[in-house]
Each structure stands twice: as structure tokens, then as C-alpha cells.
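So that the names make sense, note that chain A is the first sequence line, chain B the second, and so on, each numbered from 1. Fair warning: this is a prediction, and the values are worked out from it, not measured in the lab.
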There are 2 protein chains.
Amino acid sequence: MRATGPGARGVVSLRDVADRAGVSIKTVSNVVHGYVHVSSATRTRVQAVLDEMNYRPNLAARTLRSARTGLIALAVPELDLPYFAELARHVVREAERHGWTVLIDQTDGQLERERQVMNGIRAHLIDGVIFSPLAAGPAELTDREDHTPLVLLGERVYDGPFDHVAIDNIAAARIAVDHLLSLGRRRVGAIGEQNRPSSGTARLRSQGYAQALTGAGLPVDPARIVPTDSYHRADGAAAMAQLLDRDPDVDAVFCFNDLLALGAMRLLHERGRAVPGDVAVVGFDDIEEGRYSTPTLTTVRPDKERIARLAVDLLAARLDGSDTQGPRELTAPFELAVRESTTGVSAAPPTPSPAVRTGASPRRPGPAGRGSPTSRT
Amino acid sequence: MRATGPGARGVVSLRDVADRAGVSIKTVSNVVHGYVHVSSATRTRVQAVLDEMNYRPNLAARTLRSARTGLIALAVPELDLPYFAELARHVVREAERHGWTVLIDQTDGQLERERQVMNGIRAHLIDGVIFSPLAAGPAELTDREDHTPLVLLGERVYDGPFDHVAIDNIAAARIAVDHLLSLGRRRVGAIGEQNRPSSGTARLRSQGYAQALTGAGLPVDPARIVPTDSYHRADGAAAMAQLLDRDPDVDAVFCFNDLLALGAMRLLHERGRAVPGDVAVVGFDDIEEGRYSTPTLTTVRPDKERIARLAVDLLAARLDGSDTQGPRELTAPFELAVRESTTGVSAAPPTPSPAVRTGASPRRPGPAGRGSPTSRT
DNA sequence: TCGCGCATGTACAACGTTGTAAAGGTGAAG
DNA sequence: CTTCACCTTTACAACGTTGTACATGCGCGA
């Protein structure tokens with residue numbers, strides 16, 4: 001038996017509305033959904049009751065029937081790494097276009113948490129996952145037991161059965177280092193190598209760095225490649241200190257992300273080295289902070305909005321079944337944003353504009369272009 | 001009629017497991033929940049099947065019965081404002097202790113979106129909301145039609161019927177400005193005043209600024225108070241330019257958040273003004289960036305972790321019914337972190353440590369202290 | 001005038017889970 | 001040997017929604 005009227009917590013169900021309006025539950029449901037075959041008299045009356053009682057559909061019940069929640073998860077290492085915060089913003093915005101809400105998971109780069117993300121902690125509660133792995137490598141990914149559609153960001157995992165969106169990290173790193181070489185720098189260090197075997201992104205950036213040096217006929221000196229535990233400012237500062245100790249005459253440094261670069265610049269400042277006078281610095285990610293630092297930071301600018309859009313659209317295609325092909329490998333474009341930390345020229349506009357940019361066109365501009373992403377199965 | 005075996009998408013239900021194990025659905029459910037009165041033989045057998053079939057409970061169904069989802073929403077203006085990213089991190093972490101997942105809503109400070117957050121877009125899908133309003137004022141809040149427990153952050157809305165967690169903004173602002181005055185500065189500007197009537201936080205910080213000046217026997221010159229549209233670096237730079245135009249001899253500036261301060265410092269640099277030599281700068285929020293900027297930034301450091309904990313615990317108390325009292329008004333502590341942008345003394349440790357801090361004890365240390373928050377009904 | 005078709009509205013079942021109540025089975029106590 | 005108690009397991013209903021199938025009633029054409 002059910003008491004008349006809405007339940008204890010003031011929650012109104014279709015049934016409550018139906019009772020009050022003197023129609024069946026299904027009719028109310030039909031009105032809510034704008035089903036055509038409802039007389040306008042009935043519609044008006046029911047709608048009035050709906051408004052009056054402030055009816056809100058119960059998404060849990062709806063989900064139970066439809067097996068669709070309208071939630072997708074975005075799993076990133078840390079929200080307060082600006083790169084991920086900015087990325088999250090774009091993902092949230094793109095998801096909105098599909099009527100989705102984004103649930104954000106912070107893995108802290110811990111393998112166990114990443115494993116949970118992949119194997120569906122919140123099974124049935126989320127329709128899909130966009131995942132930026134840090135600790136998880138090919139092995140863990142392949143062992144995945146969950147069936148929720150998954151899109152990987154940032155790191156390519158061999159030929160795993162996963163959709164994947166990234167930029168061409170090797171090319172980006174090479175272009176960044178080429179830029180340093182074009183300025184006449186010859187003792188170029190690198191900060192951000194990762195010792196953990198799983199980190200594909202770091203390895204790719206290392207490769208690009210080495211390719212650029214080799215391409216210019218310069219040796220790749222392992223002493224100038226400083227690994228870090230993580231990608232925070234403090235790591236960049238510590239690594240820069242180490243680099244200076246190893247080679248006091250280093251004249252440029254390529255950092256694998258902007259935070260490392262900002263930490264490195266801070267340390268250079270404390271050690272009395274001028275940037276770029278003594279040491280030129282390039283970062284990676286183009287976080288907003290680098291446009292306001294002193295000096296402003298030259299950096300690789302991945303198209304975050306595009307990355308977010310590609311990832312969300314790919315998920316959408318998997319969800320509505322419009323894409324049943326094998327795993328996709330999509331590439332987003334990037335640019336090199338040249339600023340004071342390499343050129344020393346302060347553009348110094350009346351108000352600091354978001355930096356001078358030298359567009360370096362993406363390595364594969366065609367296929368990665370708008371609307372027709374590359375697919376490699 | 002139901003086909004035997006798991007459904008089309010490989011989703012395994014209790015029923016599938018029960019069929020395979022030759023027991024009733026409820027027995028499987030009992031095993032899943034570790035119910036005591038299950039023979040160990042049955043338990044072992046069922047558990048084996050559970051593992052084998054990789055059963056995952058359907059949270060939607062569970063929610064439908066229990067009316068609890070284990071999801072809470074955190075609604076903030078922008079995720080890539082570092083303050084909110086850092087806060088989000090803490091909230092996620094605290095929520096974890098309660099077994100909750102955090103769903104993040106980005107309102108962009110738009111009234112319409114804030115209204116949706118309050119009135120339960122995702123009704124029944126979230127158990128509670130932690131909300132940092134920007135556009136919504138007392139009027140909108142009071143009109144709220146949803147019954148989901150809500151905790152407000154950062155801004156006090158009159159005597160509205162809402163739980164609320166904040167720091168003492170007036171005191172914090174006053175201490176920041178007192179610090180500038182104690183350094184001998186006498187022409188102190190303020191950046192970040194908000195023209196929209198709803199912004200309580202900005203008004204409180206303005207008040208603290210005025211109180212400090214008045215307390216030192218100085219006049220409050222409206223020309224030195226520059227409003228901004230929002231709280232980004234660009235706003236800070238633009239406002240600083242305006243402030244210099246109005247009073248070229250300004251010797252200090254109190255910014256209502258760190259991003260404004262960083263933008264202001266950038267502009268001062270471009271105009272050739274030394275910080276703190278010519279102009280001392282104080283920010284608000286203590287985002288990590290300010291510990292690595294050049295110069296490092298003196299700022300008010302609200303205890304974000306505490307804020308997050310108080311908010312989450314308060315929500316928990318409302319949810320489990322252990323707190324049915326009237327609305328709570330909780331206060332978190334803060335400190336003034338004194339760094340180079342006011343003192344000019346570079347501590348210059350081997351690696352930049354997270355700043356020299358001068359603890360300014362919270363104005364109401366007792367009641368705001370650990371575990372026994374103030375309550376004002 | 002009768003019957004057909006369409007517009008409108010309804011009953012029912014099912015999604016997967018869990019609380020309740022009760023049934024079946026076993027052993028011990030009388 | 002009977003009975004009772006308890007341990008174990010099960011059937012059932014309900015959470016709120018929506019797709020399917022069907023009932024009702026009206027107007028229109030034959």
C-alpha cells in the first residue's frame with residue numbers, strides 16, 4: 001500500500017502527478033516526453049500539475065530501463081595540473097553538446113586507481129570513459145575486463161584495442177628543439193624523462209629531442225637528459241639545478257611540460273642566470289600561466305579543444321553504434337608558441353596579449369583536419 | 001521471457017550469476033554483501049561464479065531502491081581557475097572518505113547555469129551539492145525548489161536557509177592590507193571590486209581593505225579601487241594599467257585573487273616598475289603558481305583542505321540525518337603567506353621551497369578549530 | 001445505418017536490486 | 001520419537017520509468 005501524495009522527502013513521482021491529475025502514469029509520462037497523441041486538454045491539465053508539483057524525472061529509474069545514464073567519466077592524474085584542468089574544461093563543454101554530464105576521476109597517477117577506472121568502479125553508472133593514463137601501461141590496459149567504451153588520451157599503447165586521441169609528440173618535441181637550435185643554441189638539455197617503463201608520452205618527447213639533435217649533427221649527451229618523478233614546478237626546479245651541476249654551460253633546455261619549465265625558470269632566476277640570455281627555455285602544453293610568467297614561456301601548444309572534441313565525438317560514435325570499426329587513432333594539431341623565454345623580445349603590448357605565436361603547422365595537417373580524423377586500424 | 005545467459009552487451013546481473021550457480025538471486029545478493037547466514041559451501045561456489053562472470057552491481061538499480069547514489073556535485077565557476085582546481089582536488093579527496101564520487105559542474109558564473117545547479121538538473125542522481133556561487137544572489141538562492149542538501153562555499157548569503165563554509169574575508173583582507181601598511185606603503189590600491197550586486201566575497205574584501213586604511217588614519221580613495229569583470233590574469237593586467245594611469249605614484253596594490261595579482265605583476269614588469277621596489281603586490285588564495293612566480297607572491301592562504309573537509313562533513317551530517325539543526329555557518333582558518341612581492345627578500349633556498357610564511361592566526365581561532373566548527377543559526 | 005480506422009488513453013511487464021517475510025532443512029533438547 | 005529453534009535459502013514486492021499491447025470512443029465513408 002502506498003500513502004497518497006508525494007513521499008516523505010518531498011520527492012514527486014509520475015504516480016503522484018497521475019493521481020492528482022486523474023490520469024494514468026503513462027499519460028503523464030507521455031506529456032513529459034511530448035508524445036504527440038495526447039489531447040491538448042489533457043496535455044494542458046497534466047502540464048499544470050507537473051509544474052505545480054515541480055516534478056523531476058528520476059534519472060536512476062530512467063537509467064535502469066534504458067541502460068543509459070548520460071554520464072561520462074574523465075579520468076586524469078591531477079586536476080590541479082593546469083593542463084588537465086584546461087582539458088577538463090573543454091571536455092565538459094563538448095560533452096554538453098551531447099547532453100552529457102562529466103564525472104571527474106582523479107587517479108593521482110596511481111596504478112591501482114587507474115585500474116579501477118578501467119575496470120568500471122561505477123559500472124552501469126557511466127556510459128563511457130575518457131582516460132589519460134599515467135601509470136597504466138599496455139599490460140594493464142589489455143587486461144581490462146569492463147565493456148564500457150573507452151577513449152585513451154595522450155599516450156599510445158602499442159596496438160591495444162583502444163580508441164586513442166593524441167598529438168604527434170615526436171614531431172612536436174622535434175620542432176621545439178629545432179627552434180632552440182635555430183637560435184644558435186648548441187648545449188640543449190631535456191627535463192622530464194620518466195624512468196617508469198609505462199610512460200609513453202615522455203618517451204616520445206625524448207625521441208623527438210634526440211631526433212632534432214641528431215638531425216643537426218649534434219651528439220645526444222645522456223648527462224643533459226634529467227629525469228623527474230612527476231611534472232610539477234618543484235620537479236622542474238630540482239632537475240634544472242641538477243642540469244646546471246652537470247653542465248654549467250648549458251645554454252637551452254627543453255622541458256616536457258610547462259610546469260617543469262616554470263620551475264626551471266624560477267631556479268635559473270635564483271641562480272642568477274638570465275632567460276633567455278644565458279639559458280633559453282621551452283615548455284610543452286601552453287598553459288595560460290606561461291603567457292603571464294616573466295619571461296613569458298615559449299611552448300608547444302596542443303589544440304586542447306580539438307583533442308576534447310575528438311575524444312567526445314569518438315565516444316559518441318561508439319555509444320550510438322554509428323562506429324563499429326576497429327580502434328581509431330586520431331591526431332590533433334599543435335603549434336609552437338614562441339615567446340620571450342627563447343627570443344627575449346618582449347612584445348610588450350599595452351595589456352599583455354596572449355603571446356606572439358609562430359604557427360608551426362601540424363605534421364599531418366590533412367587527415368587530422370577538422371571533421372575528418374585519421375583512422376588507423 | 002528472458003534468454004538464458006548474460007544480456008547482449010555482456011552485462012552480468014545477479015540473475016545470471018544465480019542461474020549459473022544454481023541458487024536464488026537473493027543468495028547471490030547476500031554473498032555480494034557478505035551477509036553472515038550463508039553456508040561457506042554456498043558462499044565459495046557463488047563467489048567463484050561471481051569472479052568468473054566478472055559481476056558488477058548495477059548502481060542505477062541500487063539507487064532506485066535506496067534513493068542514494070553515492071554521487072555529490074561540486075559546482076564551481078571555472079575549473080581552470082587554479083583556486084577551484086585545487087579546491088576540487090581536496091573535495092574529491094574528502095568525499096572519497098565517505099565513499100562518494102564527485103561530479104563536477106562548471107557554471108561559468110552564468111546565472112542560468114547556477115540556477116540549474118540549485119534546482120536539481122540531475123535530480124535523484126546526486127545526493128548533495130557543494131556550490132560556489134558567483135552570479136546567484138540571495139533572491140535566486142531563496143527561490144530554490146530542490147530538496148537536495150546544499151552547502152554554499154565562499155559567499156555568505158544573508159540569513160538564507162543554507163549551510164555555509166567560508167573564511168573571514170573581511171579579516172583576511174584587513175590583515176593583507178595591514179601588512180602593506182606596515183611596510184610603510186601609503187598609496188595602496190585595490191583590484192577586483194565587482195560591480196554586480198550579488199558578489200558578496202568581493203564586497204567583503206573591499207570592506208577589509210577600507211577598514212585597514214581607515215584604521216591607519218588613511219583616506220579611502222575610490223580612484224584607487226579598480227573593478228574587474230572577472231578574476232583572470234588579463235583582468236589584473238588591465239586593471240593595473242588603469243590604476244597606474246589614475247595614480248602613477250601608487251606604491252602597493254591588494255588584489256582580490258592571485259590571478260589578478262599575477263596579471264598585475266606582469267603589467268608592472270612591462271611598464272618597468274619593480275616589484276616590490278616601486279609597487280608591492282599582495283594576492284589572495286595562495287595558488288601554487290604564486291610560489292614560483294618572479295617575484296614570488298605574498299598572499300592570503302585560506303585553508304582549502306579544511307574548507308573542503310568542513311563542506312563534505314557538513315553534507316554528510318545532513319545526509320545521514322545526524323544534523324537536523326538550522327543552517328550552519330562554518331569558518332575555516334587562513335594565514336598570510338609573506339613572500340618576495342612585498343618584502344623583496346628572496347629566501348633563495350637551493351630548491352624553491354613553498355615560501356616563507358608568517359602565520360597570522362585566524363581571527364576566531366577557537367570555534368573554527370579542528371573538529372568543532374562554529375554554528376550560528 | 002454499420003463498420004472501419006484513427007486518435008487517445010490505459011494496463012502490464014520489465015529493467016536489477018534489496019528488505020521483508022516466510023519456507024525448508026538440520027540438529028538438539030525433552 | 002517429537003518438537004522446537006535456528007540456520008539457510010527462497011519468493012515476493014517495490015523503487016520509478018517506459019515500451020508494448022490493448023481498450024475505448026469518436027468521426028467518417030460506404
Side-chain angles (χ1 to χ4, degrees), chain A residues 1-3 5-47 50 53 55-70 120 122-125 127, chain B residues 1-3 5-47 50 53 55-70 120 122-125 127:
Chain A
M1 241 5 60
R2 178 193 217 272
R9 293 204 322 286
V11 180
V12 178
S13 70
L14 283 180
R15 162 155 201 159
D16 299 316
V17 176
D19 287 352
R20 174 97 69 116
V23 294
S24 77
I25 292 177
K26 192 62 213 291
T27 296
V28 181
S29 169
N30 287 338
V31 170
V32 170
H33 285 81
Y35 180 67
V36 278
H37 294 306
V38 177
S39 72
S40 63
T42 307
R43 181 182 303 281
T44 310
R45 184 158 41 94
V46 171
Q47 189 59 56
L50 281 169
M53 300 183 80
Y55 167 79
R56 306 281 161 177
N58 182 323
L59 297 193
R62 211 173 250 184
T63 296
L64 185 55
R65 271 208 52 103
S66 66
R68 277 295 158 82
T69 61
R122 279 178 292 288
H124 312 266
L125 231 194
D127 294 339
Chain B
M1 234 16 52
R2 178 191 216 272
R9 291 204 321 289
V11 179
V12 178
S13 72
L14 282 181
R15 162 156 201 160
D16 299 316
V17 177
D19 287 352
R20 175 96 70 116
V23 294
S24 76
I25 292 177
K26 192 63 214 284
T27 296
V28 181
S29 169
N30 287 339
V31 170
V32 170
H33 286 80
Y35 179 68
V36 277
H37 295 306
V38 177
S39 72
S40 61
T42 307
R43 180 183 304 281
T44 310
R45 185 158 41 94
V46 171
Q47 188 60 56
L50 281 169
M53 301 184 78
Y55 168 78
R56 306 279 160 180
N58 183 323
L59 297 193
R62 213 174 248 182
T63 296
L64 184 55
R65 271 206 54 101
S66 66
R68 279 295 160 79
T69 61
R122 278 177 292 288
H124 312 268
L125 232 194
D127 294 340

Taking all atoms of both residues into account, what is the closest heavy-atom pair of [X] and [Y], and its distance?
| X | Y | result |
| --- | --- | --- |
| B/Arg62 | B/Pro57 | NH2-CB, 3.4 Å |
| B/Val12 | B/Tyr55 | O-CD1, 3.5 Å |
| B/Val17 | B/Met53 | CA-SD, 4.0 Å |

Side chains of residues 26-38 of chain B: which donor-acceptor pairs under 3.5 Å do they make with residues two or more places apart or in other chains?
from, atom 1, to, atom 2, distance (Å)
B/Thr27, OG1, B/Ser24, OG, 3.2
B/Asn30, ND2, B/Lys26, O, 3.3
B/His33, ND1, B/Ser29, O, 3.0

Notebook entry, point to check: Sequence neighbours excluded, which residues qualify as side-chain contact (heavy atoms from CB on, under 4.5 Å) partners of A/Arg65?
Noted result: none
Notebook entry, point to check: Can you name the side-chain contact (heavy atoms from CB on, under 4.5 Å) partners of B/Thr44, sequence neighbours left out?
Noted result: none
Just the rounded figure in Å: distance from [atom2] of [N] to [atom1] of [X].
| X | N | atom1 | atom2 | answer |
| --- | --- | --- | --- | --- |
| B/Asp19 | C/dG16 | CG | P | 12 Å |
| A/Leu14 | C/dA14 | CG | P | 20 Å |
| B/His33 | C/dG16 | NE2 | C1' | 12 Å |
| A/Arg68 | D/dT17 | CZ | C1' | 17 Å |
| A/Lys26 | D/dG19 | NZ | C1' | 6 Å |
| B/Tyr55 | C/dT17 | OH | C1' | 7 Å |
| B/Arg65 | D/dC15 | CZ | P | 9 Å |
| A/Arg15 | C/dA11 | CZ | P | 11 Å |

Next item on the list: Starting from the 5' end of DNA chain D, give me the residue, A/Val32 or B/Ile25, whose nearest nucleotide shows up first.
Entry: B/Ile25
All N/O contacts under 3.5 Å from nucleotides 21-25 of chain D to the protein, with atom names and distances to one decimal?
none

Margin query: Rounded to the nearest 0.5 Å, what separates atom CD in B/Gln47 from atom OG1 in B/Thr42?
Written below: 12.5 Å
Checklist line | Interatomic distance, B/Leu125 atom CG to B/Thr63 atom OG1 [nearest 0.5 angstrom] | finding: 7.0 Å
Check: Do B/Asp19 side-chain atoms and B/Asp16 backbone N/O form a donor-acceptor pair below 3.5 Å?
Finding: no
Check: C/dT18 phosphate, OP1 or OP2: any side-chain N/O from B/Arg62 under 4.0 angstrom?
Finding: yes
Checklist line | For B/Thr69, all residues meeting side-chain hydrogen bond (donor to acceptor under 3.5 Å, both in side chains), sequence neighbours excluded | finding: B/Asp127
Notebook entry, point to check: the helix from C/dT1-D/dA30 to C/dG30-D/dC1: angle between its terminal axes, five pairs each, to 10°?
Noted result: 70°
Check: Closest to the B/Asn58 side chain: D/dT17, D/dT18, C/dT17?
Finding: C/dT17
Restricting both atoms to N or O, compile the protein contacts to nucleotides 6-9 of chain C shorter than 3.5 Å, with distance only.
from, atom 1, to, atom 2, distance (Å)
C/dG9, OP1, A/Ser39, OG, 3.0
C/dG9, OP1, A/Thr42, OG1, 2.4
C/dG9, OP2, A/Ser39, N, 2.9

